[in-house]
Amino acid sequence: MTKSELIARLAARFPQLVAKDADYAVKMVIDAMSDALARGDRIEIRGFGSFALNYRPPRVGRNPKSGDKVHVPEKYVPHFKAGKELRERVDIAG
Amino acid sequence: MNVTLTKAELADMLFERVGLNKREAKDMVEGFFEEIRLALEKGESVKLSGFGNFQLRDKPQRPGRNPKTGEEIPITARRVVTFHASQKLKAAVEQLSDAGKQP
């Protein structure tokens with residue numbers, strides 16, 4: 001399912017709303033979640049899961065082509081942990 | 001300042017910026033996550049460009065242990081959801097340490 005398919009499914013779920021509302025809503029929710037993580041905030045959606053940031057310390061890496069040592073600075077990476085309901089529903093289906 | 005974004009805040013934003021009424025905003029946020037759950041439940045992966053992909057992984061049974069008793073018990077085969085952030089989201093988050101904003 002892509003973003004545009006999600007918009008279409010939401011529009012079908014809410015026939016009383018105009019299709020544009022589903023379009024704005026999906027884009028706004030995705031933007032709000034990206035912005036929250038970019039600020040260093042967590043996201044907690046009950047029944048779905050949580051998004052947080054994991055710290056990666058600085059390390060010395062290597063350029064795989066030349067073999068040269070390169071300093072890789074510290075960074076944060078997004079991490080998702082599925083919530084109980086999502087975990088159970090996906091597993092039962094499998 | 002580090003806070004947590006929840007469904008309530010997302011619904012408030014839809015109410016303020018999209019012009020849905022409070023009930024519609026709440027239902028829309030619930031529907032957003034429910035449609036993603038439904039797709040994953042059906043075995044579909046979900047690709048939200050600019051944010052990331054939710055994918056399914058089938059994991060075989062493997063040996064495990066009860067950490068309290070030390071007793072060996074198999075961890076059953078299962079299907080799990082994994083999330084892969086998009087390059088755009090990774091880049092936005094990486095800059096946190098540059099800006100000195102520690103989460």
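Chain A is the first sequence line, chain B the second, and so forth, proteins listed ahead of strands; every chain is numbered from 1. Quick note: numbers below take in every heavy atom, side chains included, and nothing from hydrogens, waters or symmetry partners.
- With a 4.5 angstrom heavy-atom cutoff, B:S45 touches chain A only via backbone atoms.
- Contacts from residues 6-18 of chain A to chain B, taken as heavy-atom pairs separated by less than 4.5 Å, involve A:L6, A:R9, A:L10, A:R13, A:F14, A:L17 in sequence order.
- When all heavy atoms are compared, the tightest approach of A:S34 to B:L89 is CA-CD1, 4.0 Å.
- Residues A:I45 and B:F32 have side chains not in contact (no heavy-atom distance under 4.5 Å, counting atoms from C-beta outward).
- In this structure, the portions of B:L38 lying under 4.5 Å from any heavy atom of chain A include both its backbone and its side chain.
- Residues A:D91 and B:R79 come closest through the heavy atom pair OD1-N, 3.0 Å.
- The backbone N or O of B:V3 sits less than 3.5 Å from a side-chain atom of A:D41, completing a donor-acceptor pair.
- Nearest heavy-atom pair, A:A25 versus B:M28, reported as atom, atom and distance to 0.1 Å: CB-CG, 3.6 Å.
- In terms of heavy-atom proximity, A:A32 sits nearest to B:L5 at O-CD2, 3.7 Å.
- Residues of residues 8-16 of chain B having a heavy atom under 4.5 Å from any heavy atom of chain A, listed by number: B:L10, B:M13, B:L14.
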**OP:** Would you check, one step at a time, whether the test side-chain contact (heavy atoms from CB on, under 4.5 Å) holds for B:L20 with A:D21?
**Re:** CA-CA 8 Å; B:L20 301 181; A:D21 289 338; 3.7 Å; yes
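- The part of A:V77 that comes within reach of chain B is its backbone (N, CA, C, O), which places non-hydrogen atoms under 4.5 angstrom from that chain.
- Atoms CG and CZ, from A:L86 and B:R37 in turn, are 7.0 Å apart once rounded to the nearest 0.5 Å.
- The CZ atom of B:R17 lies 9.0 Å from the CG atom of A:D31; values are rounded to the nearest 0.5 Å.
- Heavy atoms closer than 4.5 Å to chain A are found in the side chain of B:E44, but not in its backbone.
- Taking every heavy atom of both residues into account, A:Y76 and B:V93 meet most closely at O-CG1, 3.3 Å.
- One distance of note links CZ of A:F80 with NE2 of B:H84; it measures 11.5 Å at 0.5 Å rounding.
- The distance from atom CD of A:E44 to atom OG1 of B:T6, rounded to the nearest 0.5 Å, is 8.5 Å.
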Original post:
Between B:V81 and A:R87, does a side-chain contact (heavy atoms from CB on, under 4.5 Å) hold up when you go through it step by step?
Top reply: CA-CA 7 Å; B:V81 179; A:R87 235 177 20 240; over 6 Å; no
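- For a residue to count as touching a neighbouring chain, one of its non-hydrogen atoms must lie under 4.5 Å from one of that chain's; by this rule B:N53 does not touch chain A.
- The shortest side-chain heavy-atom distance between B:I36 and A:M1 falls under the 4.5 Å cut-off.
- Options B:G19, B:G50, B:G31 differ in how many heavy-atom pairs under 4.5 Å they form with chain A, and the most are formed by B:G31.
- Side chain of A:K3 to backbone of B:S49: a donor-acceptor contact under 3.5 angstrom is found.
- When hydrophobic clusters are built by joining Ile, Leu, Val, Met, Phe, Trp and Tyr residues whose side-chain heavy atoms come closer than 4.5 Å, directly or via intermediates, B:F54 is not grouped with B:V80.
- Interatomic distance, B:K7 NZ to A:I43 CD1, rounded to the nearest 0.5 Å: 13.5 Å.
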**OP:** Run the numbers on B:F51 and A:F51 for ring pair (Phe, Tyr, Trp, His ring centres under 6.0 Å), then give the verdict.
**Re:** CA-CA 12 Å; B:F51 187 70; A:F51 297 86; 5.5 Å; yes
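- Taking CZ of B:F83 as the start and NE2 of A:H79 as the end, the distance is 11.0 Å to the nearest 0.5 Å.
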